[in-house]
Amino acid sequence: MKANEYQITTDSPEATRALGRAVGRALRGGEILGLSGDLGSGKTCFVHGLAEGLEVGRNSWVRSPTFTLINEYEGRLSLVHVDLFRVAPGQEMEDLHLEEYFASGCVCVVEWFERLDAVGVEEFMSVTFRYLDEEHRELRFVAHGRRYEEIITALSRGA
C-alpha cells in the first residue's frame with residue numbers, strides 16, 4: 001500500500017464510528033472528505049463518529065442529508081455534511097455552491113463524492129466504503145494533498 005493510502009476493515013458499526021472519531025480528532029479545519037460506497041456501507045455511521053471527534057453537541061443528531069442535501073453542525077470545528085445521491089450533474093450541482101463551503105474553513109464531508117462535478121477540488125481525502133457482510137466494512141483512505149497524508153500517517157499509527 002502506498003504512503004498516501006490506508007485501508008482497514010471494521011467489524012461493527014461502533015468500530016466504524018470509532019474510526020470516524022479518530023479522524024475527527026485529527027482535523028484542524030478546512031478539510032474536505034469525499035465519501036463513496038454503496039447504500040448501507042457505513043458512510044453515515046462514519047460521519048456520526050467524525051461529528052463526535054469534532055465535538056458536535058449531543059443535541060445535534062447527525063443524519064444523512066439525503067433529502068435536505070446539506071446539514072450544518074457546530075462543534076470544535078463546524079461540520080458541513082453533504083449528500084449528492086439525489087443531485088443531478090450540471091446546474092443542480094452548481095446551485096449548491098459547494099465551492100463556498102469548501103473555502104469556508106469548515107470540515108466538509110461529501111457523501112457520493114464521485115458525483116461531484118465542476119467544482120475543481122484538488123486537495124481532499126477520499127474514503128471508499130465497501131460492504132463485506134452484515135457487520136464488516138472495508139474502508140480505504142486515499143490522501144490527495146500533504147495535510148491528508150498527515151492524517152493517514154496518524155491513522156496507520158493507530159491514532
Side-chain angles (χ1 to χ4, degrees), residues 4 6 8 10 12-87 92-130 137 139-156 158-159:
N4 69 330
Y6 175 70
I8 188 170
T10 60
S12 67
E14 177 49 42
T16 300
R17 262 192 313 278
L19 187 57
R21 270 192 304 277
V23 172
R25 286 191 298 265
L27 301 179
R28 296 188 299 230
E31 292 90 357
I32 300 169
L33 281 67
L35 311 185
S36 300
D38 291 333
L39 290 170
S41 61
K43 296 181 298 293
T44 302
C45 184
F46 176 83
V47 176
H48 287 165
L50 187 81
E52 291 171 9
L54 293 173
E55 301 172 21
V56 168
R58 295 237 179 239
N59 294 332
S60 298
W61 176 248
V62 175
R63 60 181 124 328
S64 181
T66 300
F67 295 100
T68 58
L69 304 181
I70 300 173
N71 289 335
E72 298 180 45
Y73 305 97
E74 291 302 318
R76 175 178 60 83
L77 300 169
S78 295
L79 170 63
V80 174
H81 185 194
V82 180
D83 189 320
L84 299 178
F85 184 71
R86 298 185 180 278
V87 179
E92 188 175 349
M93 184 76 67
E94 289 176 30
D95 288 345
L96 293 176
H97 301 286
L98 294 177
E99 64 278 359
E100 293 175 19
Y101 288 106
F102 296 159
S104 71
C106 62
V107 173
C108 294
V109 178
V110 181
E111 293 191 37
W112 302 97
F113 190 71
E114 67 276 13
R115 297 180 183 209
L116 188 65
D117 64 349
V119 177
V121 177
E122 293 180 18
E123 293 196 7
F124 61 96
M125 183 163 57
S126 64
V127 187
T128 304
F129 294 74
R130 193 163 69 103
R137 304 296 188 267
L139 285 76
R140 182 172 175 259
F141 297 80
V142 178
H144 302 272
R146 183 159 172 69
R147 170 68 187 120
Y148 301 98
E149 290 172 3
E150 293 170 4
I151 295 168
I152 287 192
T153 298
L155 284 175
S156 65

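Computed over heavy atoms, backbone and side chain alike; hydrogens, waters and symmetry mates excluded.
- Of the residues listed (Leu35, Leu19, Val23), the one engaging Leu139 in a side-chain contact (heavy atoms from CB on, under 4.5 Å) is Leu19, and it is the only one.
- Remark: Arg86 does not engage Glu92 in a salt bridge, criterion side-chain N to carboxylate O under 4.0 Å.
- Annotation for Ile152 and Ala143: closest pair CD1-N, 3.4 Å, computed over non-hydrogen atoms.
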For this session: Would you sort out whether Met125 and Glu31 count as a side chain to side chain contact (heavy atoms under 4.5 Å, CB included), showing the intermediate values?
Result: CA-CA 8 Å; Met125 183 163 57; Glu31 292 90 357; over 6 Å; no
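- At a threshold of 4.5 Å between non-hydrogen side-chain atoms, the residues Glu114 and Trp112 count as touching.
- At least one side-chain heavy atom of Leu84 sits less than 4.5 Å from a side-chain heavy atom of Leu98.
- Screening Val142, Thr153, Ile32, Asn4 against Tyr148 for a side-chain contact (heavy atoms from CB on, under 4.5 Å) leaves a single residue, Ile32.
- Distance CD/Glu149 to NE2/His144: 10.0 Å, rounded to 0.5 Å.
- The two residues Tyr101 and Cys108 have their closest heavy-atom pair at O-SG, 3.5 Å.
- The aromatic rings of Phe129 and Phe46 stand perpendicular to each other, their planes meeting at an angle above 60°, with 30° marking the opposite boundary.
- For the residue pair Thr44 and Glu111, the shortest heavy atom distance occurs at OG1-OE2, 3.1 Å.
- Rounded to the nearest 0.5 Å, atoms CD (Glu100) and SG (Cys106) are 11.0 Å apart.
- At least one side-chain heavy atom of Leu27 sits under 4.5 Å from a side-chain heavy atom of Leu50.
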